Amino acid sequence: MVDRQMSLEPIRQRLMAIPAMQTFRYRVEELSYGRAVIVAPYDTSLDGIFACFHGGLLATLADSTGATAALTVAGADTPLTTTDLSIRFLAPCRTDARATAQIIKTGRTLVVAEINLHDLKGRHVAVSQASYMRLRSTH
């Protein structure tokens with residue numbers, strides 16, 4: 001478990017080293033103990049079957065934001081993997097998407113997050129839950 005007073009800068013550095021963070025141009029808006037907020041820019045060239053943010057990309061944003069929140073309680077160097085992710089789409093998203101993840105359970109092995117996604121008009125577009133498993137260090 002991480003000290004609540006520790007610097008979150010190592011987590012920001014780890015995030016910036018992840019290729020998907022650069023590919024999807026995610027912006028970290030907030031990091032605090034047990035919480036993360038990440039915004040993904042809307043790009044019409046990546047639309048799904050309808051003229052809106054592709055659902056798979058919203059799920060990727062939810063997973064990335066949940067994992068980021070998990071790192072705030074597990075530590076920046078903790079190897080984590082997603083064990084499950086569920087998402088319910090509530091409305092189409094036609095603006096940048098803001099994902100807010102809150103850790104709802106921290107166990108010895110699993111960390112569980114609830115993630116809410118909103119468009120930039122404040123419309124709730126999806127709700128998600130994800131579990132992350134702490135892995136044994138390989139070094």
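Just so it is clear, the model here is predicted, and its values are computed rather than measured.
- Two residues are said to be in side-chain contact when any heavy atoms from C-beta on lie closer than 4.5 Å; Gln22 and Met16 meet this criterion.
- In this structure, the separation between CG on Asn116 and CD on Gln102 is 10.0 Å, given to the nearest 0.5 Å.
- The nearest pair of heavy atoms linking Ala69 to Ala101 is CB-CB, 3.9 Å.
- The cluster map of Ile, Leu, Val, Met, Phe, Trp and Tyr, joined by side-chain heavy atoms under 4.5 Å apart, puts Met21 and Leu46 in the same cluster.
- Nearest approach of Ala91 to His124, heavy atoms of both residues: CB-O, 4.0 Å.
- For the atom pair OG1 of Thr109 and CZ of Arg136, the computed distance is 9.0 Å after rounding to the nearest 0.5 Å.
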Review point. Does the pair His118 and Arg123 meet the rule for a side-chain contact (heavy atoms from CB on, under 4.5 Å), with working shown?
Key: CA-CA 5 Å; His118 292 82; Arg123 186 176 192 190; over 6 Å; no
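- Linking ILVMFWY side-chain heavy atoms closer than 4.5 Å, directly or via other members, places Leu58 and Phe24 in a single hydrophobic cluster.
- A 4.5 Å side-chain heavy-atom check between Arg88 and Val127 finds at least one atom pair inside the cut-off.
- Between the side chain of Thr78 and the backbone N or O of Gly75, at least one donor-acceptor pair lies under 3.5 Å.
- Across all non-hydrogen atoms, the minimal contact from Ala70 to Leu80 is CB-CD1, 3.7 Å.
- Taking 4.5 Å as the limit, some side-chain heavy atom of Arg98 sits within range of a side-chain heavy atom of Glu29.
- Judged by distance alone, the side chains of Asp63 and Tyr132 do bring a donor and an acceptor atom under 3.5 Å apart.
- In this structure, the side chains of Thr65 and Thr100 stay at 4.5 Å or more apart for every pair of heavy atoms.
- Closest non-hydrogen pair, Leu117 versus Ala99, comes out as CG-CB, 4.0 Å.
- No path of Ile, Leu, Val, Met, Phe, Trp and Tyr side chains, each step under 4.5 Å between heavy atoms, connects Val37 with Phe53, placing them in separate hydrophobic clusters.
- Asp47 and Tyr42 share a donor-acceptor pair across their side chains, judged by distance under 3.5 Å alone.
- Arg94 is listed as a side-chain neighbour of Pro92, based on a closest heavy-atom distance under 4.5 Å.
- Taken together through direct or relayed side-chain contacts under 4.5 Å among Ile, Leu, Val, Met, Phe, Trp and Tyr, Leu71 and Val112 form parts of separate hydrophobic clusters.
- A 4.5 Å side-chain heavy-atom check between Leu90 and Val125 finds every atom pair outside the cut-off.
- In this structure, the side chains of Asp43 and Arg25 come closer than 4.5 Å at one or more pairs of heavy atoms.
- Linking Ile, Leu, Val, Met, Phe, Trp and Tyr residues whenever their side-chain heavy atoms come within less than 4.5 Å leaves Leu85 and Val111 in two separate clusters.
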Review point. Are Arg14 and Asp77 close enough, and set up right, to give a salt bridge (charged side-chain N to carboxylate O under 4.0 Å, His left out), and what steps lead you there?
Key: CA-CA 8 Å; Arg14 180 172 178 187; Asp77 295 327; over 6 Å; no
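- Note that SG of Cys93 is 7.5 Å distant from CG of Leu120, once rounded to the nearest 0.5 Å.
- Side-chain contact check for Lys105 versus Leu110: every heavy-atom pair is 4.5 Å or farther apart.
- Taken to the nearest 0.5 Å, the CD atom of Glu30 stands 12.0 Å off from the OG1 atom of Thr68.
- Closest of all the heavy-atom pairs between Gly56 and His54 is N-ND1, 2.8 Å.
- Between Ile11 and Thr72, the closest heavy-atom pair is CD1-CA, 3.6 Å.
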